[in-house]
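Keep in mind that this is a model prediction, so the values were computed, not measured. Every heavy atom of this structure was used, including side-chain atoms; hydrogens, water molecules and symmetry mates were not.
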Protein chains: 2
Amino acid sequence: MVAQLKRSKKPSEGWIYDQVFDAILEQRLLPDTKLTEKDLCDVFGVSRTIIRKVLLRLSLDKVVKHRPNRGAVIAAPEPDEVREIFEARRLLEDGIVAEAARKCTPEDADVLTDIASREHAFIHAGENSDAIRLSGDFHLRLADIAGNRPLRELLRQLVAQTSLAIARYVPSGSGMCENDDHDRLIAAISEGDVRQSRDIMKRHLTACERRLMLDTPEGSKNLHAVFADVVAAQ
Amino acid sequence: MVAQLKRSKKPSEGWIYDQVFDAILEQRLLPDTKLTEKDLCDVFGVSRTIIRKVLLRLSLDKVVKHRPNRGAVIAAPEPDEVREIFEARRLLEDGIVAEAARKCTPEDADVLTDIASREHAFIHAGENSDAIRLSGDFHLRLADIAGNRPLRELLRQLVAQTSLAIARYVPSGSGMCENDDHDRLIAAISEGDVRQSRDIMKRHLTACERRLMLDTPEGSKNLHAVFADVVAAQ
DNA sequence: CGACGTATAATTGTATACAATTTGATGCTC
DNA sequence: GAGCATCAAATTGTATACAATTATACGTCG
């Protein structure tokens, strides 16, 4: 449970950052969760100096929202932000997948196939956390193949923000829907078919965005919408 | 004379960050310049806590390189990094300029024209720092018009890194060469000509990349000299 | 004179102390 | 009991103290 008790050495800033980032990717940390510095200090057994560095990095990644004098919370992207995230991903991954289709080696394809098959297994088993993480891994792996570091870094942030968007705008009951987009992508990329790779990616991202209920904010997200009727009837 | 003693209020972290970032954009801070924490503390009159936050943000922007236990220096991008920067910019700005051409209002065009004309004036006057900053402003303004915040943020970083690349790989004597790329871009965007806008942007970035060559970067002045003006003016 | 090793200074990394601010509770007034 | 002011506790923001590491100066030895 508490990892550092098993370890003799203190966890480093980078390791703690990875743990929190992964928890966000796997939706074990959900939007609006408060991240109290003291609590994180206790959990990881380090001083606030380290925790504050981690929180600063996460807030620059836009996965944590920093409210002056009021602490940090897991980001809860608004509908218009989510649309920008997907618009950015469409542009980025259009270029990435095109380059990947040009550069992909058989070994690269094998890695992609492995990720996709494990992803299918987790979806089948209803293990949503792992499935979402692997889906992100798949997209990042494409960026690795394309080989552009600035683009990969932005995509890494956008993938995490996408995870938060899904947590917020997909009904919690509905698991990830199974589809063969990734498999078809692997096929097109392996053949070096740039045009088809781009087409599949574009449709894939758009389909993913459509599954989000961006127009119907649930819960306490948008109080104006929640109370629109009663206020209007008044 | 100690300039910061005249100031009534302490500079904030964000303001100091902007000052350093601007100094990089304007090439008053050149690649490989050592950023000693104590010196920056003295210059801005704050504690190391603040300076270290600033340096962390700058290093995540990839304009400062952080070497464990050995301090921070202004980044000096290697040739392969520079190629990735321009490749990323071509992809990003292709999408940005296309969207800008669709959305650009007459007021937007006026702002762009104003930036471009001031840019010409500075190039004519041989004021390279200001010309480079305005060139960056022009590209970022296009991103504002396109209206995608994640893309704008990455472009902001890439523009600064481009400034470092120019500082390193363009002979310091040769001023910015005058051309009408920005003017032609404004014309195409104003007419909503997406195809031509993209074409001009692509050629513009490629031409800019071609002007870079291997060269020995000159050393920069000490930090007090670099920030003398802004500190005194505050 | 140069190479090497040691001592010393300078710099960075981390933890902690203290100040400022916010949050929550208590009690007062009406 | 609702509304409001005030106080106490908790939390965050900043500065500083101390530890760890690196850079520099110096003296010795070859």
From the list C/dG13, C/dT11, C/dA15, which nucleotide is the closest neighbour of the side chain of B/Thr36? C/dT11

Starting at the 5' end of DNA chain C and moving along, which residue's nearest nucleotide shows up first, B/Lys38 or B/Thr49? B/Lys38

B/Phe44 CZ - D/dA15 C1' separation (whole Å): 18 Å

Indicate whether OP1 or OP2 belonging to D/dT14 is found under 4.0 Å from a side-chain N or O atom of B/Lys53. yes

B/Arg48 CZ - C/dT16 P separation (whole Å): 16 Å

Is there a side-chain contact between B/His66 and the phosphate of C/dG13, meaning an N or O under 4.0 Å from OP1 or OP2? yes

Does a side-chain N-to-carboxylate-O contact under 4.0 Å join A/Arg89 and A/Glu84? no

Interatomic distance, A/Leu91 atom CG to B/Asp94 atom CG [nearest 0.5 angstrom]: 7.0 Å

Name the residue closer to the 5' end of DNA chain D, choosing between A/Leu35 and B/Asn69 according to the nucleotide with the nearest heavy atom. A/Leu35

Whole Å only: how far is the CD atom of B/Glu37 from the P atom of C/dT14? 11 Å

Salt-bridged, B/Lys38 to B/Asp42, with N to O below 4.0 Å? yes

Out of C/dT12, D/dT12, C/dA15, minimum distance to the side chain of A/Arg52 belongs to D/dT12

Can you tell me the distance, in whole Å, between the CD atom of A/Glu13 and the P atom of C/dT12? 16 Å

Please state how far atom CG in B/Leu40 lies from atom P in D/dT14, giving the value in whole angstrom units. 17 Å

Does A/Lys34 put a side-chain nitrogen or oxygen below 4.0 Å from OP1 or OP2 of D/dA10? no

Test side chain to side chain contact (heavy atoms under 4.5 Å, CB included) applied to B/Val54 and B/Trp15, B/Phe21, B/Phe44, B/Tyr17, the passing residue: B/Tyr17

Are any of B/Arg70's side-chain N or O atoms less than 4.0 Å away from OP1 or OP2 of D/dA23? yes

Pair A/Glu81 + B/Arg149, salt bridge at N-O below 4.0 Å: no

Among the candidates C/dT16, D/dA15, D/dG13, find the nucleotide nearest to the side-chain atoms of A/Ser47. C/dT16

